[in-house]
Every structure is written in C-alpha cells, then in structure tokens.
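The structure under discussion appears below in the form of structure tokens.
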Amino acid sequence: MKGKFMLGFDTKHISASDQDASPALAQMKAAVENAKENNPFVVYEATGHDLVYAIFDIAKNDEGVHLEKALGIVGALAGYSCAMSAGLTAEQQDAPKDPAAHAKRIDHLVFGSNSSLYRVWQSKAVFLGETKTLDFQELVSRHNAQIGTPEFGTAKLPQGRFVEEKPITLLLDHWKDMIGILNRYDEHYAGWPISWAAAGAQLMEMGQSAIPAGEALQILLEYAVPMSRVGAADTNSKPEAA
C-alpha cells in the first residue's frame, strides 16, 4: 500500500498488560525511582518508551510496524491528554468554568510551553536534521475551523502518507488501554502530556530512516491538535484513577 512504511525491528518490552507484580516491571520502576533525583524527566522518558512499544503492538502485523499509524495513535492520544490534564487540573483547583481559560490551559500544553507537544517534537525534528518549517498556525486554524462540522479531525498528511483511521477513531479505540502505562511510574495526570511528548520524540527518532522527521512531525500534529479539542465526555473514557 502506498505510504505504508514498516519497521521490522524486535519489539520486546514491558507490555501494557504486565501487572505491578511483574519482575521486569518491578526492576524498571526501581531503576526509574533511583534515577529521579538526578534526572526528574526520567519518569516521562520511561513512560514515553513504554507507550511507544505498547503502540508498536497495536500498529504491527506480519510485515512489521505500520509507522504512520503508530504516529497517528501517539498524536491523537497526546492531544487528548492535554485536554484531560488541563480539565482535571482545573477541577482539582476548583477553577470557575470558563471555556476561554480552559482553551488557554490546553493550548499551553499543546504548544505554549517548553515541554509542550509542539515544541518538543519540533525541537526533535530540527535535531534530526529537518530544515523545512511547518506552518503550525495554519494547521491549528484549519482544525479549529472544523470543530462542530463533519470534517472535524480530518488530517492533512504529507504526500504519499496514509493512515486509514481518523484521529477520533484511534482515540476511542486506544485511550483506555494506555491509562495503566501513563500511571506506571507517576500516578498524576499533570505529567501525561509530557510523557506523550517524549513518546512522539522517541518514535520520530526510531522511525527516521522510514519517514523523515518533518513528515513525522506533521502526522503527529495533524492527529494531536484536533484531539486536544475533544472533551472527556465525548469519549466516555475519563480515567477513574484520575
């Protein structure tokens, strides 16, 4: 299929189904805990790593990993995690229900801080040698204009790239399965967007021989931005642990 790129490497890892009693997971948790003092971001790096390999399980077949789909899943769930994290933080702080303020909180996590999805992924793309500049404002404006229309969440992918599912489909299919991994090393929703940012950056680097970093960045953001506009009630999947 045109645009379908496969990664044929081994995907051994701690699976999404592993329980806290798993010896491998217990060892990983201990290692992360020991490393936190010198590197506070190790929690997000480890979580991102586990998210990527769990998504490889979803996006692989006998040929390997369908990288574009993996990028789409990471993007969709990353965007939604920003909406969830912002909403749960406001709820905990008993903030007034102000749609404009809520939108600003989400945008801060998507592109407004140094650890936001866009800035982490853009920095990774530059690190990997990407020289072209993505028109991020056009991307955001286009997806915002689609809110409330049948075209909502329609991704504009690079030429020759293909993901069969729309962002909302990937979100509905896979969000619940990732909650356990998101809470594996730190059970606080404030870190979810950073973990997904780490996952996207790792996936960009791992797949750069198949999909150039700039194209991977576009796929991630085309799936992330519209899903950051989805409310928790729309997915019927608000995590009980939060």
Side-chain angles (χ1 to χ4, degrees), residues 16 44 47-48 50-52 54-55 58-59 68-92 99 102-113 115-121 136 139-140 142-144 146-149 151-157 163-184 186-203 216-242:
Y44 312 120
T47 303
D50 290 0
L51 289 168
V52 166
I55 288 168
I58 297 169
E68 288 132 311
K69 180 172 181 176
L71 288 163
I73 296 171
V74 170
L77 274 59
Y80 183 65
S81 77
C82 293
M84 286 296 299
S85 181
L88 291 168
T89 298
E91 186 178 297
Q92 184 185 48
H102 181 57
K104 287 183 179 179
R105 285 190 290 267
I106 294 173
D107 286 349
H108 181 75
L109 297 174
V110 176
F111 58 83
S113 71
S115 59
S116 65
L117 303 182
Y118 172 68
R119 293 197 184 183
V120 170
W121 296 341
F136 182 64
L139 187 154
V140 172
R142 171 165 42 84
H143 282 294
N144 284 345
Q146 293 175 352
I147 294 174
T149 73
E151 290 75 32
F152 175 68
T154 301
K156 183 179 178 182
L157 300 185
V163 180
E164 183 176 356
E165 300 90 344
K166 293 184 72 171
I168 190 65
T169 300
L170 296 178
L171 173 60
L172 289 168
D173 285 348
H174 304 300
W175 172 258
K176 286 184 179 180
D177 295 335
M178 297 299 136
I179 294 297
I181 298 176
L182 284 169
N183 291 332
R184 181 170 280 172
D186 183 1
E187 297 184 3
H188 199 281
Y189 47 80
W192 290 353
I194 306 175
S195 293
W196 282 112
Q202 292 175 33
L203 185 53
L217 171 66
Q218 183 177 344
I219 296 170
L220 285 166
L221 290 170
E222 287 284 354
Y223 274 70
V225 170
M227 294 303 94
S228 72
R229 273 57 179 151
V230 173
D234 296 326
T235 65
N236 193 29
S237 59
K238 186 174 180 179
E240 295 179 2

Main-chain N/O of A86 paired to T89 side chain as donor or acceptor, under 3.5 Å: no
Ion pair E164/K69, N-O distance below 4.0 Å: no
Inter-residue atom distance F136.CZ - L217.CG, 0.5 Å rounding: 9.0 Å
Minimum heavy-atom distance between L71 and I219, given as atom pair plus value: CB-CG2, 3.7 Å
Sub-4.5 Å side-chain heavy-atom contact between I58 and M178: yes
Close side-chain approach of Q92 to L88, heavy-atom, < 4.5 Å: no
Under 3.5 Å donor-acceptor, S116 side chain and S113 backbone: yes
Nearest non-hydrogen partners of L117 and A224, listed with the distance: CD1-CB, 4.2 Å
Shortest non-hydrogen contact between F152 and K166, atoms and distance: O-NZ, 3.4 Å
Donor-acceptor contact below 3.5 Å, side chain S195 vs main chain G191: yes
Interatomic distance, C82 atom SG to M227 atom CE [nearest 0.5 angstrom]: 12.5 Å
Nearest atoms (heavy-atom pairs only) where P167 meets G153: CD-O, 2.9 Å
Check: A83 main-chain N/O paired with S228 side-chain donor or acceptor under 3.5 Å: no
Approximate separation, where rounding is to 0.5 Å, of H143 NE2 and L221 CG: 9.0 Å
Nearest heavy atoms of D50 and R184, plus distance in Å: OD2-NH1, 2.8 Å
Donor-acceptor under 3.5 Å (T149 side chain, Q146 main chain): yes
Near-ring test W175/W196, centroid separation under 6.0 angstrom: no
Separation between CG of D177 and CD1 of I73, rounded to the nearest 0.5 Å: 10.0 Å
Test item: V140 and R229 side chains (from C-beta on) under 4.5 Å apart, heavy atoms: yes
Y223 OH to I168 CD1 distance, which is reported to the nearest 0.5 Å: 12.0 Å
Nearest-0.5 Å distance that lies between atom OG1 in T47 and atom CG in L182: 7.0 Å
salt_bridge(E151, R142) N-O dist < 4.0 Å: no
Any donor-acceptor N/O pair, Q218 side chain to K156 backbone, under 3.5 Å: yes
For A199 against V52, the heavy-atom pair lying closest together: O-CG2, 3.3 Å
